[in-house]
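Working notes, beginning with the structure itself.
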There are 2 protein chains.
Amino acid sequence: MAKKDCPIENTLKLINGKWKSVIIYQISKYAPCRFSELQKLIPDCSKRMLALQLKDLEEASIIQKRVYSTVPPKTEYSLTEVGKSLVPVIKSINQWGKKYTKK
Amino acid sequence: MAKKDCPIENTLKLINGKWKSVIIYQISKYAPCRFSELQKLIPDCSKRMLALQLKDLEEASIIQKRVYSTVPPKTEYSLTEVGKSLVPVIKSINQWGKKYTKK
DNA sequence: TTTATTTACTTACTAATAGTAACTTAAAAA
DNA sequence: TTTTTAAGTTACTATTAGTAAGTAAATAAA
């Protein structure tokens, strides 16, 4: 497999990191989703990490963000079409995890 | 989702890191597979990283290792049943990558 | 007989990534 | 006047990943 041509590596770059797929999964379930909602849904992920990963996902066109210029501010995240196409992949990860991983 | 109960997080812990799923995929295709073969199959992954990830995968019972006490040494890696059950998940990642990621 | 080769690592070190805690902003409520 | 609130950012530390060189012990080549 030539450099940078591995679809698995390329995909993992998008959904790793290491919260991205959990974020995508939660947005797919609860979109439109506010920043603070995601914090509650994924308590293990710090504020800073959540912000960074959301930015990465937005740049990769997997999610889109809507900002309301109110005070205090309000943002809403939802999946793009590309993001939606990832959901079955993440669901298969979720299914496997349910079956094979114990706490 | 309570701490450490997220199946996606638990699964990613096993298949991330960031070469593990590529390693599993290659072993699934070419098992039994030697260390040096894996190096050729995954040139982006350094020797050290390959060794560390293989050790992790072995500890997680996803792969098994057979060592021949020859000189120079020879090792062979193959998937366990748990490892084999992961292959469809990794294939779905691979499929998605083929469709949605360009170099 | 000394030197080179080979495989599957390990060790020491540096670079990149993740995590923690405190700070910011500006309006509205107490 | 002080507090609260949402959605971050900043500065700093800890954990992971990556690079390069070293190790072992038996052949093979010079």
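Worth knowing before you read on, the calculation uses all heavy atoms, side chains too, and leaves out hydrogens, waters and symmetry mates. Lettering follows sequence order; numbering is per chain, from 1. Keep in mind that what you see is a predicted model, and the values were worked out from it rather than measured.
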Practice task
Mind checking the CD1-CD1 spacing from A/I93 to B/I90? Nearest 0.5 Å is all I need.
Solution key: 9.0 Å
Exercise for the section: May I ask you to verify if any side-chain N or O of A/S36 is less than 4.0 angstrom from the OP1 or OP2 atom of D/dA7? Expected result: yes
Completion exercise
When every non-hydrogen atom of A/L38 is compared with those of A/C33, the smallest separation belongs to CD2-SG, 3.8 Å
Practice task
From the options C/dA18, D/dG18, D/dG8, select the nucleotide whose nearest atom is closest to the side chain of A/K65.
Solution key: D/dG8
Exercise for the section: Could you say whether B/C45 or A/P73 is positioned toward the 5' end of DNA chain D, judged by the nucleotide with the nearest heavy atom to each? Expected result: A/P73
Exercise for the section: Return the nearest nucleotide to the side chain of A/P72; candidates are D/dT5, C/dA18, C/dT7. Expected result: D/dT5
Practice task
Figure out the NZ/P separation between A/K13 and D/dA17, and round it to whole Å.
Solution key: 15 Å
Practice task
Can you figure out which of D/dA7, D/dA25, C/dT20 approaches the side chain of A/S46 most closely?
Solution key: C/dT20
Practice task
Would you kindly give the NZ-to-P distance between B/K55 and C/dA8, to the nearest whole Å?
Solution key: 16 Å
Completion exercise
Between CG of B/L12 and C1' of C/dA18 the distance, given in whole Å, is 15 Å
Fill in the blank from the handout: To the nearest angstrom, the CG-P distance between A/D56 and C/dT17 comes to 10 Å
Handout entry: NZ or CZ of B/K65 within 45° of B/Y77 ring axis and under 6.0 Å
Key = no
Problem - Under 4.0 angstrom between A/W19 side-chain N/O and C/dG19 OP1 or OP2 - result: yes
Problem - Nucleotide nearest A/Y77 when distance is taken to its side chain, options C/dC9, D/dG8, D/dA7 - result: D/dG8
Exercise for the section: Check the distance between D/dT15's P and A/D44's CG and give it to me in whole angstrom. Expected result: 16 Å
Exercise for the section: Take the protein atom CE of A/M49 and the nucleotide atom P of D/dA7, then report the distance between them rounded to whole Å. Expected result: 19 Å
Exercise for the section: Check whether any side-chain nitrogen or oxygen of B/T75 sits under 4.0 Å from OP1 or OP2 of C/dC9, and answer yes or no. Expected result: yes
Practice task
Check whether any side-chain nitrogen or oxygen of A/R34 sits under 4.0 Å from OP1 or OP2 of D/dA7, and answer yes or no.
Solution key: yes
Problem - First encountered from the 5' end of DNA chain D, between B/R48 and A/R48 - result: A/R48
Practice task
For the pair B/K84 and B/E81, find out whether any cationic side-chain nitrogen is under 4.0 Å from an anionic carboxylate oxygen.
Solution key: yes
Exercise for the section: Please determine, by modelled atom types, if A/S92 and B/S92 share a side-chain donor-acceptor pair under 3.5 angstrom. Expected result: yes
Completion exercise
Atom CZ of B/R66 and atom C1' of C/dA8 are separated, to the nearest Å, by 17 Å
Handout entry: A/K47 NZ to D/dA6 C1', straight-line distance once rounded to whole Å
Key = 7 Å
